[in-house]
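Numbering starts at 1 and runs along the sequence shown. Ligands are counted one by one from 1 in listed order, and the atoms in each one are counted from 1 as well. Please read these numbers as outputs of a predicted model, since none were measured by experiment.
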Amino acid sequence: MLISEDLVGSLNEAVRVAHEDEFGALGRKLTRRGVDIEAVVARAMAWSVAVPTWGVGTGGTRFARFPGRGEPRNIHDKLADCGMIQQLTRGTRTVSPHIPWDKVSDYNALRQEAAQYGLGFDAVNSNTFQDQADQALSYRYGSLANARSDIRAQAVAHNLECIEIGKALGAPALTVWIGDGTNFAGQQSLSKMFENYLSAMEEVYAALPPGMAMFIEHKMYEPAFYSTVISDWGSSLMAAQALGPQAKCLVDLGHHAPNVNIEQIVARLVHVGRLAGFHFNDSKYGDDDLDSGSVDPFRLFLVFNELVEAELRGAKGFAPSYMIDQSHNVTDPIESLMGSAVEIARAYVQASLVDRKALAEAQEANDVMAAHRTLKAGFLTDVSPILAEARMRQGGAYDPIAAYRASGYRGRVAQERPEVKGSSSGIV
Ligand code: LRH
Ligand code: MN
């Protein structure tokens, strides 16, 4: 335990009477709706979202990155910070690593180290969007879709290495996001780049062990600003269907144009059994990587409405991976990740409260207002008591951020981890 259980216990005890009153009131309210609050608490307790290892360090933009106190220096510090998040939220049981940012010599030891914090590993992310110091060929003009076969081969080799790392960590999947694209019309053939990408990905796909999935992550733009090889769910789905059944489409909420109906993209990918999962965050303009639910919590709820509906009807091949992917430029990353884990669990629980029978009846009857109000009733229910109860029953905190602050953890690690002076730039 990274902070004393007694501290968490005493903080929870201080609010127990008020919490039990609110929990009781919500229970009675749900009973009047024919919903058993204990069944919902059980769903909330079973819920979990993966934390990105790169998310516990302060993030930045192309203009600047302003490191905070006690920045994690390596994967070992990152696992400790992720352990802290799990200890207080009890809803982030896995971490999603990024290679080579999290490279070590012994992945079995890393797996055990994570297990000490009650953590396992979700999808491993490859990285052919940066050049490493020891790299022979540059990805300046692309990686898996590069016009040059030797550069594509280098990118394939990196992904094969990530598959081996994934096997050692017990990861369920390899996530492949590439920034490949162009900044000028004519710079490259839009068709040839896609064909190059497919032939390179076939080699990566062929190396997947049975049971390991390949998550293809689309993104509309950035770092390329005229065309991006895998720019939308259509290109991602075409690639997944061309590669094989272990290839699926990962939806990063920030990778779409403003106002795109992402919940409908989710419904379509569920329909064809190719929904890999999510990179949760929020955004107002571009790939802002803001905290989940901090800009448009109703949109997050609508995405979960599709997910819960698919889960309850037993949609074929429905087993998405839920992961966070955010950049914490002005907050303590641990606080942002805990807050986001709570807001994502909130959307899941709210969507679980939707009266699906009443909704289907109103939809059948084309009773538009009844249908919309039935759906929105889930969103308008304050499920905070259920989320807090689910955390506390598992040894977590009534208020994770308050407990974290009371623990003095940041101050403590700031002593151990040398201060990072000056500001650099970039996402990590
Ligand atoms: C690309 C992306 C991808 C990660 C990176 C850190 O924007 O969402 O998922 O590899 O961020
Ligand atoms: Mn992402």
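- D355 and T374 form no side-chain donor-acceptor contact under 3.5 Å, judged by distance and modelled atom types alone.
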### Message
Run H255 and H279 through ring-ring contact (aromatic ring centres under 6.0 Å, His included) and show every step you take.
### Response
CA-CA 10 Å; H255 289 185; H279 277 181; 7.5 Å; no

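- Closest N/O/S atom of D325 to the Mn ion (ligand 2): OD2.
- Taking the Mn ion (ligand 2) as reference, E217 places its N/O/S atom OE2 nearest.
- For R346 and D382, the salt-bridge test passes: some basic side-chain N is under 4.0 Å from an acidic carboxylate O.
- Taking 2.8 Å as the criterion, H279 counts as a coordinating residue of the Mn ion (ligand 2), since one of its N, O or S atoms falls below it.
- Put simply, the side chain of L137 reaches to within 4.5 Å of the side chain of D150, judged on heavy atoms.
- The cationic group of K192 does not satisfy the cation-pi geometry with Y197, failing either the under 6.0 Å distance to the six-membered ring centre or the 45° limit from the ring axis.
- Taking the charged nitrogens against the carboxylate oxygens, E217 and K248 have no contact shorter than 4.0 Å, which rules out a salt bridge.
- Counting just the N/O/S atoms of D252, the one with the shortest distance to the Mn ion (ligand 2) is named OD2.
- Side-chain atoms of T228 and D180 form no donor-acceptor pair, as typed in the model, at a separation below 3.5 Å.
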Tabulate distances under 3.5 Å between N/O atoms of ligand 1 and N/O atoms of the protein, writing both atom names on each line.
unit_1   : atom_1 : unit_2 : atom_2 : d
ligand 1 : 7 (O)  : K219   : NZ     : 2.9
ligand 1 : 7 (O)  : H255   : NE2    : 3.2
ligand 1 : 7 (O)  : D287   : OD2    : 3.1
ligand 1 : 8 (O)  : E217   : OE2    : 3.1
ligand 1 : 8 (O)  : D252   : OD2    : 3.1
ligand 1 : 8 (O)  : H255   : NE2    : 3.2
ligand 1 : 8 (O)  : D325   : OD2    : 2.7
ligand 1 : 9 (O)  : E217   : OE1    : 2.7
ligand 1 : 9 (O)  : E217   : OE2    : 2.8
ligand 1 : 9 (O)  : H279   : ND1    : 3.2
ligand 1 : 9 (O)  : D325   : OD2    : 3.1
ligand 1 : 10 (O) : H98    : NE2    : 2.8
ligand 1 : 11 (O) : D325   : OD2    : 3.3

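- A donor-acceptor pair shorter than 3.5 Å can be found between the side chains of T53 and D102.
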